[in-house]
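Reading through the structure tokens given below for one structure.
Letters go in sequence order (proteins before strands), and every chain restarts at 1. As the structure is a computational prediction, the values presented were derived from the model and not from experiment.
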Protein chains: 2
Amino acid sequence: MGMRLKVAKEKWNGQITGTKEQRSAKLRAILNVAARSFLEKGYHKTSLDDIAKLQNVTKPTLYYYIKNKEDILIQCEKIAMAQINLFIDTIEKSNDIGFKKLQNFIAGYIDLVMDDIIRCHIQHRGQMKDPIAKEKSLDYHRDIEHRVRKIIAEAIADHSVRNCNPTIIAILLFDSLNGISAWYRKEGTVNKEDLKKEALSLLTKGLVSQN
Amino acid sequence: MGMRLKVAKEKWNGQITGTKEQRSAKLRAILNVAARSFLEKGYHKTSLDDIAKLQNVTKPTLYYYIKNKEDILIQCEKIAMAQINLFIDTIEKSNDIGFKKLQNFIAGYIDLVMDDIIRCHIQHRGQMKDPIAKEKSLDYHRDIEHRVRKIIAEAIADHSVRNCNPTIIAILLFDSLNGISAWYRKEGTVNKEDLKKEALSLLTKGLVSQN
DNA sequence: AATTTTAGTTACTATCCAGTAACACTATAT
DNA sequence: ATATAGTGTTACTGGATAGTAACTAAAATT
């Protein structure tokens, strides 16, 4: 399996890896810079030449790793979905009461929406041109929403969460948390732990004074 | 002031108006179909020919009413901002306690995010290519957010809302409410009054059971 | 050493689409 | 009636950019 090893090692963030790992590392590097650029400038305002330049390669090289531009979105989504589902798995497996599960979900999901690839997925899901890819993307999201809906329903059943409409509440929960992915910046003025604390108390205790 | 009156009357949704009103009605009609199309297909996937076709005119005619494609976004924003600011005016003017003001804001804002032009503004703000327009758009939004922040701070001061960080809470409030604009459909399964009720109780009482 | 696979290049095509130039019609004002 | 201003058309230009063809080269396989 041949490649220009020395050059590749230097160019692609210097990791010395096996060849297969190297290939997927390069794909991952493409997805990462693409995701960041899509978030900053938008999908349509980011050209494949832009992405290529950020990797010090030319556009046709990208086609060695991706099928087409939209494939970047699809691959990002795949990674994002795996991570999110894995995260919800751990929450489901726990023996916490429903309310505690929801608290853990909120806190953990805020960590997830700081990741560029997950943010890219959140902001571009369902926007694929290819109708099959689009439908799959929307299905993915419905699945996730459904899992959270189930956790909410469970929490209502064990009386740790007040009676409410789990469908609507799940959507609103995602609205508020996904919204974070659009504005949050590590370098920004809002501290991550403060954000977590405020989001948790808003969504669990609400605004009303406890007097 | 000349125009093909009969034709125009039929084409542009049949309203018989004075000529000046007719002109701005046509502009408004353009903005409305454009906004709807931007929301459904996205800004970049909507061509000016698409918009023109929806109005039974040709593309160059649009340029009689708008400066360029981006100008549609800017004009929608202007209308949206006026409406939102007017709405916040009425809330500020009331003599309600802070908490009641926030309840009114949440309920009223949900009404606003059902309007196509406001939804278009919410989903495209800050995405203008022209740096001046972009900055203005972000400023607009900062202003609105600041006004809500002030209402929250006031509500904390009068002890009708629990102690929290008004800056972060204002952002999270907008995240959850603006999120609605992305998915809500009049024809959809979620009832508007249910949505309002659930959003109000989530944001004011939180999830936790009241036992 | 010869061959194949992987990785990359330059140079091109094809398409889409925003924006414009030049021209045509209609109604009102003079 | 005729000029004029407002409204609209057809036909075009120009720029951006997704995707491809054809080629080069290095490394691994044989």
Enumerate the salt bridge (Lys or Arg N to Asp or Glu O under 4.0 Å) contacts for residues 27-44 of chain A, please, sequence neighbours excluded, ordered by first and then second residue. A:Arg36-A:Asp116, A:Lys41-A:Asp50
Which pairs with one or both residues in residues 77-96 of chain B pass salt bridge (Lys or Arg N to Asp or Glu O under 4.0 Å), sequence neighbours excluded? B:Asp89-B:Arg147, B:Glu92-B:Arg147
Whether A:Arg23 contacts C:dT6 is assessed here as follows: a side-chain N or O lying under 4.0 Å from the phosphate OP1 or OP2. Is that the case? no
Just the rounded figure in Å: distance from C1' of D:dT17 to NZ of A:Lys53. 13 Å
What is the distance, rounded to the nearest whole Å, between atom CG of A:Leu27 and atom C1' of C:dT6? 15 Å
Going by side chain to side chain contact (heavy atoms under 4.5 Å, CB included), name the residues that satisfy it together with B:Glu193, two or more places apart in sequence or in a different chain. B:Asn191, B:Lys196
Any residue meeting salt bridge (Lys or Arg N to Asp or Glu O under 4.0 Å) with B:Lys192, in chain and number order, not counting sequence neighbours: B:Asp111
Separation of A:Leu62 atom CG from D:dT17 atom P, in whole Å? 14 Å
With sequence neighbours left out, write down each residue that passes side chain to side chain contact (heavy atoms under 4.5 Å, CB included) with A:Gln103, or none if nothing qualifies. A:Phe99, A:Lys100, A:Leu200, A:Thr204
Applying ring-ring contact (aromatic ring centres under 6.0 Å, His included) as the test, list every pair that has at least one member in residues 128-155 of chain A; sequence neighbours left out. A:His141-A:Phe174
Would you jot down, in residue-number order, the residues of residues 125-135 of chain A having a non-hydrogen atom under 4.0 Å from DNA chain C? none
Distance check needed: C:dT6 C1' versus A:Lys26 NZ, whole Å only. 9 Å
D:dT9, OP1 or OP2 - any side-chain N/O from B:Thr58 closer than 4.0 Å? yes
For nucleotides 15-21 of chain C, tabulate all protein N/O to nucleotide N/O atom pairs closer than 3.5 Å, reporting atom names and distance.
unit_1: C:dA18; atom_1: OP1; unit_2: B:Lys69; atom_2: NZ; d: 3.0
unit_1: C:dA18; atom_1: OP2; unit_2: B:Leu48; atom_2: N; d: 2.9
unit_1: C:dA18; atom_1: N7; unit_2: B:Lys59; atom_2: NZ; d: 2.7
unit_1: C:dG19; atom_1: OP2; unit_2: B:Tyr63; atom_2: OH; d: 3.0
unit_1: C:dG19; atom_1: OP2; unit_2: B:Lys69; atom_2: N; d: 2.9
unit_1: C:dG19; atom_1: O5'; unit_2: B:Tyr63; atom_2: OH; d: 3.3
unit_1: C:dG19; atom_1: N7; unit_2: B:Lys59; atom_2: NZ; d: 3.1
unit_1: C:dG19; atom_1: O6; unit_2: B:Lys59; atom_2: NZ; d: 2.8

Salt bridge (Lys or Arg N to Asp or Glu O under 4.0 Å) contacts in which one or both residues fall within residues 176-187 of chain B, not counting sequence neighbours: none
If I take atom CD1 in residue A:Ile66 and atom C1' in nucleotide D:dT17, what distance separates them, rounded to the nearest angstrom? 14 Å
Under the 6.0 Å and 45° cation-pi test, does A:Lys69 pair with A:Tyr63? no
